[in-house]
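Here is the structure we will look at.
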Amino acid sequence: MAGPNAPRFRHLCLMAPTLEPGLSTLQRLFGLAVAHRDPIVARWGIENAVLPVGHHFIELCAPIRADAPARRYLSRRPGGGGYIVVTDCADLPRRRAHVDRLGLRVVTDLELPGFRTLQLHPRDTGGCMLEFNTTEVGGATDGAYLPAGPDWQSAVRTERIGAIAAIELRARAPERMAAHWAQICEAPVSRDAAGTPQLDLGGTWLRFAVCGDDDAEGVAGVDLVANDAAAVLASARELGLPVDAAAGSLQWLSIAFRLVAARPTALR
C-alpha cells in the first residue's frame, strides 16, 4: 500500500533520437492516439507527443537542438530509453521543502497557470529523472492534466493496453536505490513475488532490479495491462522488434515492454 504522502504515478517520458519513426512505432504497437504536442518543451530543446494509456500517459520526446540536455542522455543511450518518471501530488510546496532538506538538486521548478512541476537531477535520484507536479483544479485521474493538453480524454484508446502497471529501474545496488527513492517519495518499500524491492506510487509499482556491470542504470522494463496482447505482439513482429512470446514481452528503445493481465501486488 502506498504511504500517505507518496505521490501518484502519472506518466513515463521516453527519449528517442528523433520523434519519427518512434511515434509511429508507439502508436502501431499499442493502438494509442496523440493527445497533445506541448510547445513549452521547446525551451529544453526538445519536441514531444503525449499519448494517453487509460488514465496514464506515455510521452515521447526527441531533441531538436544541438545543445539540448537530452543529447547528453542519448550519448549514453544512443537508441533512446526511459527519461523521466513523472508523478503528481497535492502538496508540492511541502514536497519542495522535503527534497531541499534531502539536499537534492531541482533542475526545473516551473509554474504555469493552474500547474506547477519540479524535476530532480538524475544524478541525485539515480536511474532516471524524477518529476513531481500538481494541478490546482483537482486530482481526479480523468480530470485536467496540463502536460496532456486540454482535451486528452478524447484521445484515450484502450483496445490494446489500458494502464501502466509497473516500471522497472535497473541498478547496480537496487536495494540502495530503492531505499533512496523511498525516502524521496515518502513511500514504503515492499517486495514482489521474486523478492524485488518496489514502491507503490498510487497503483503503479516502481520496481528496482539488478543490472549487469556493463549495462546502463535506468528504466529497463515497463509492465502494461494488456487488453489484446496478441495484437500488440503481432504488430511488434511486423515491425521487426524482438518478441518473447512465452514471456509476453517485446523490446523497444532498450526497454522490455511486458504485457500483463493486471497490476501485481506486494507480498511483504
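Values below: every heavy atom of this structure, side chains too, minus hydrogens, waters and symmetry copies. For reference, positions follow the sequence shown, starting with 1.
In this view, His55 and Thr141 satisfy the side chain to side chain donor-acceptor pair (under 3.5 Å) rule, not counting sequence neighbours. With sequence neighbours left out, Ala16 forms a side chain to side chain contact (heavy atoms under 4.5 Å, CB included) with Leu60, Leu253. The side chain to side chain contact (heavy atoms under 4.5 Å, CB included) test applied to Ala256 returns Gln251, Arg258, not counting sequence neighbours. Residues meeting the side chain to side chain donor-acceptor pair (under 3.5 Å) test with Thr25, sequence neighbours left out: none. Under the side chain to side chain donor-acceptor pair (under 3.5 Å) criterion, Glu175 pairs with Arg191, not counting sequence neighbours. Taking Asn227 as the reference, nothing meets the side chain to side chain donor-acceptor pair (under 3.5 Å) condition, with sequence neighbours excluded. Every residue meeting the ring pair (Phe, Tyr, Trp, His ring centres under 6.0 Å) condition with Phe30, not counting sequence neighbours, appears here in chain and number order: Phe257.
Salt-bridge check for Arg160 with Asp228: failed, with every basic side-chain N at 4.0 Å or more from each acidic carboxylate O. Note on Asp223 versus Arg207: salt bridge recorded, some NZ/NE/NH1/NH2 to OD/OE distance being below 4.0 Å.
Residue pairs meeting the side-chain hydrogen bond (donor to acceptor under 3.5 Å, both in side chains) criterion with at least one member in residues 71-80: none, sequence neighbours excluded. Within the structure, salt bridge (charged side-chain N to carboxylate O under 4.0 Å, His left out) pairs that include any residue of residues 230-256 comprise Arg28-Glu238 (at least two apart or interchain). Residue pairs meeting the salt bridge (charged side-chain N to carboxylate O under 4.0 Å, His left out) criterion with at least one partner in residues 13-25, sequence neighbours excluded, are absent. Each salt bridge (charged side-chain N to carboxylate O under 4.0 Å, His left out) pair with one or both residues in residues 101-116, not counting sequence neighbours, appears once here: Arg96-Asp109, Arg105-Asp124, Asp109-Arg116. The side-chain hydrogen bond (donor to acceptor under 3.5 Å, both in side chains) pairs that include a residue from residues 38-52 are Asn48-Glu59, where partners are two or more places apart or lie in different chains.
Remark: Arg10 is positioned above the aromatic ring of Tyr145, its terminal NZ or CZ atom under 6.0 angstrom from the ring centre and at most 45 degrees off the axis.
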